[in-house]
Structure formats: C-alpha cells, structure tokens
Amino acid sequence: FYFYLILKVFLEIIPSIFAKNELFLKHNEALPRIEPYNLPVFILLFISCALVIYIYLRYYKKSLQVFSSVVSYGVFQQIQRDGYSFFRSFSISLFLIYVICSAIFFTDLSIYSGWFKNIPAEMITLVSVLAIGILVLAKGILSNLFGIIIKEKNATEDSFFQYTFSLYTGGLVMLVICLLIHYSNFSSMYLFPLGLGLLGFLFMFRMIKIVVFGHLQYGFSIFHLVLYLCAVEVIPLAVFIKVIVRS
C-alpha cells in the first residue's frame, strides 16, 4: 500500500517537473525590476566601494583612529599630533566617498519626495556632488579665516577636523544606505528615515562635543558657542531644508 502511494505521488510530480512551459518560465524569463537599471549610480557606488577597500588595505590603523575620534577626543588629539592633513590620499578618499554617497542619497530622496519633478536624476546627482564638495571646502577656508580673526587657530582647526571626521563616518553610513536602497528588497520608506536619523545623530553628537570640549579645552563661553553653532550650522541647514520642502 505504501509503495503504491509513493509511486502514485512520484508519477504525479514527474510531469510537472519536466513540463516545457514551466522550465521556460523558471529559467528563460528575466526577473522583473521595479525601476530601470541605473548605470551612473552603479559606477559611482562601485568607485566608493573601491575607495573603501583601498583605505582598508592601506590605512587600516589610521581609519580606526579616525572613526574612534568621533567618540574619543583623546584619539582626535593624537591624530592631530601625528600630522593629520585634509589633503592626504586617505582623507581625500573618505571625502570622495562622502560627496558621492551624499549626492546619491539626496537624489534618491528628492525623487522619492517629488521635489524636482522636471529635472533628470543625473543632473541632480551632478549638481549635488559639486555643491557638497564646494561647501565642505568653503567651510574649511572660512574656519581658517575665522581662526585668524579671533586669534584661535587651534580651536577652529579642532572644530573643522571634528566636522570632517563626522562627515567621513556619515559617508560610510550613506554608502551602506545607498547600497540597500538600490540593491536590496528593503523598503525605501524605512531606509530614508533610517539614513536621516543616523545623520541627525552624528550632527547632534558633534554639536555636543564642540560645546563641551570648546568650553573645557579653550574656555569659550557656552553662550557664545551656542550662538556660533546656530549661526554657522543650524540656521543654514534649517533654511536649506525649508527651501527644499517649499519647492
């Protein structure tokens, strides 16, 4: 009886396994895509991943120091004593990762939110890359000028280095988020808030570090530090967000 039952089930399965129409559907049809394949984004993310591998292989210890400095001020001072420079290949690689991934994330977010409906995505990415790069370099120049004016060059260099280290960490966060957005099944409805939340956390953590260590290390008034951060960091960011949302 059992042998007959197994043979019956086996004979019923064989035709469905070897049916030509099912083999054709399983092996010859292309997988459906929700969005068309984006070659420029793939190239940019490939470059970013290649830069990450380059940094990992050549600057493994230094990269750990940089990311530890986001939390530890002592590690940050050690990097400065070792002669850290913004124009070294290590720093430029991390800077490029941040610029590329932030531009892609902003492009995806703008398309998802419907901010720039009549502008091609490639144009948004290109303008974002240029704008972000120029803003970071301009902030470095303004920090040096501000340090010369108030005669506190070390303090302004500390502030700018903390800014760049926070950007580098945010760039790696954005790289992971962008890879998940384009090459995973996770919903963008959750990935965009996650990315913005992590960037907001890094931003607030840097603000707290500047206030605490600026007061303890250099004796700046907390009131003046808060005014500085509002004028240089918070208000421009709030105006930018307001303009984007209204557009």
Side-chain angles (χ1 to χ4, degrees), residues 31 33-56 59 63-64 66-71 90-117 119-136 139 162-209 233-234 236-238 240-241 243-245 247:
L31 292 175
R33 289 184 179 273
I34 299 175
E35 297 179 352
Y37 189 72
N38 197 328
L39 183 60
V41 170
F42 170 77
I43 294 173
L44 290 174
L45 290 177
F46 179 81
I47 293 172
S48 299
C49 292
L51 289 173
V52 169
I53 295 173
Y54 167 75
I55 293 169
Y56 176 79
Y59 301 103
S63 60
L64 290 179
V66 169
F67 300 127
S68 299
S69 67
V70 176
V71 179
F90 169 77
S91 183
I92 292 175
S93 298
L94 288 171
F95 171 71
L96 290 175
I97 293 171
Y98 170 76
V99 170
I100 291 172
C101 296
S102 296
I104 293 175
F105 181 79
F106 177 75
T107 303
D108 294 336
L109 181 61
S110 63
I111 293 173
Y112 179 80
S113 303
W115 291 338
F116 310 107
K117 296 181 179 179
I119 302 176
E122 292 79 9
M123 182 62 66
I124 299 174
T125 304
L126 178 61
V127 173
S128 300
V129 167
L130 296 175
I132 293 170
I134 292 172
L135 286 174
V136 174
K139 183 175 179 61
Q162 289 187 36
Y163 171 72
T164 55
F165 293 164
S166 178
L167 292 187
Y168 298 158
T169 305
L172 293 181
V173 171
M174 288 297 96
L175 175 58
V176 175
I177 296 295
C178 290
L179 290 172
L180 291 176
I181 289 173
H182 287 272
Y183 305 111
S184 76
N185 293 324
F186 290 101
S187 175
S188 300
M189 180 176 62
Y190 303 109
L191 291 174
F192 286 126
L194 176 62
L196 293 173
L198 291 173
L199 290 180
F201 172 77
L202 291 173
F203 178 80
M204 292 303 300
F205 191 75
R206 181 168 61 85
M207 297 298 100
I208 294 171
K209 282 183 62 180
E233 301 276 355
V234 179
L237 182 62
F240 172 75
I241 293 174
V243 170
I244 291 296
V245 172
S247 67

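If you read the sequence from its start, that first residue is 1, and numbering goes on from there.
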Got a sec, which pairs hit salt bridge (Lys or Arg N to Asp or Glu O under 4.0 Å) with one end in residues 190-207, sequence neighbours left out? R206-E233

Are more than 12 heavy atoms from other residues, nucleotides or ligands located less than 6.0 Å from atom CZ of F201? no

Closest contact, heavy atoms only, P193 versus S188: CD-O, 4.1 Å

With sequence neighbours left out, write down each residue that passes side-chain contact (heavy atoms from CB on, under 4.5 Å) with L135, or none if nothing qualifies. none

Who passes side-chain contact (heavy atoms from CB on, under 4.5 Å) against V52, sequence neighbours left out? I97, L172, L175

Here the gap from I92 atom CD1 to F90 atom CZ, rounded to the nearest 0.5 Å, amounts to 12.0 Å

S93: side chain to side chain donor-acceptor pair (under 3.5 Å) partners, not counting sequence neighbours: none

Considering non-hydrogen atoms only, spot the tightest contact between S110 and F116 and give its length. CB-CD1, 3.6 Å

Please step through side-chain contact (heavy atoms from CB on, under 4.5 Å) for the pair W115 and I124, ending with a clear verdict. CA-CA 11 Å; W115 291 338; I124 299 174; over 6 Å; no

Pairwise side-chain contact, L109 with L196, heavy-atom cut-off 4.5 Å (strictly under): yes

Taking the side chain as every heavy atom from C-beta outward, state whether F106 and I132 have any pair of such atoms under 4.5 Å apart. no

Which residues share a ring pair (Phe, Tyr, Trp, His ring centres under 6.0 Å) with Y163, sequence neighbours left out: none

Do you know the tightest heavy-atom contact between Y183 and L45? CE1-CD1, 3.7 Å

Hits for side chain to side chain donor-acceptor pair (under 3.5 Å) against T107, two or more places apart or cross-chain, chain-then-number order -> T125

So CZ of F42 and CD1 of I104: to nearest 0.5 Å the spacing works out to 11.5 Å

Look up atom OG in S113 and atom CG in D108, then write down how far apart they are to the nearest 0.5 Å. 10.5 Å

Identify, with sequence neighbours excluded, every residue that meets ring pair (Phe, Tyr, Trp, His ring centres under 6.0 Å) alongside F105. F192

So, using ring pair (Phe, Tyr, Trp, His ring centres under 6.0 Å) as the criterion, who are the partners of Y190 when residues are at least two apart? none

Nearest 0.5 Å, please: how far is CG in L167 from CZ in F203? 11.0 Å

Residue pair C178 / C101: nearest heavy atoms and the distance that separates them: SG-O, 3.5 Å

With M189, which residues qualify under side-chain contact (heavy atoms from CB on, under 4.5 Å), at least two apart? Y112, S187

L191: partners by side-chain contact (heavy atoms from CB on, under 4.5 Å), with sequence neighbours left out: L180, I181, F186

Straight-line distance of M174 CE to T169 OG1, nearest 0.5 Å: 11.5 Å

Nearest atoms (heavy-atom pairs only) where G170 meets L199: CA-CD2, 4.1 Å

Decide yes or no for L179 and C49: does some side-chain heavy atom of the first lie under 4.5 Å from some side-chain heavy atom of the second? yes

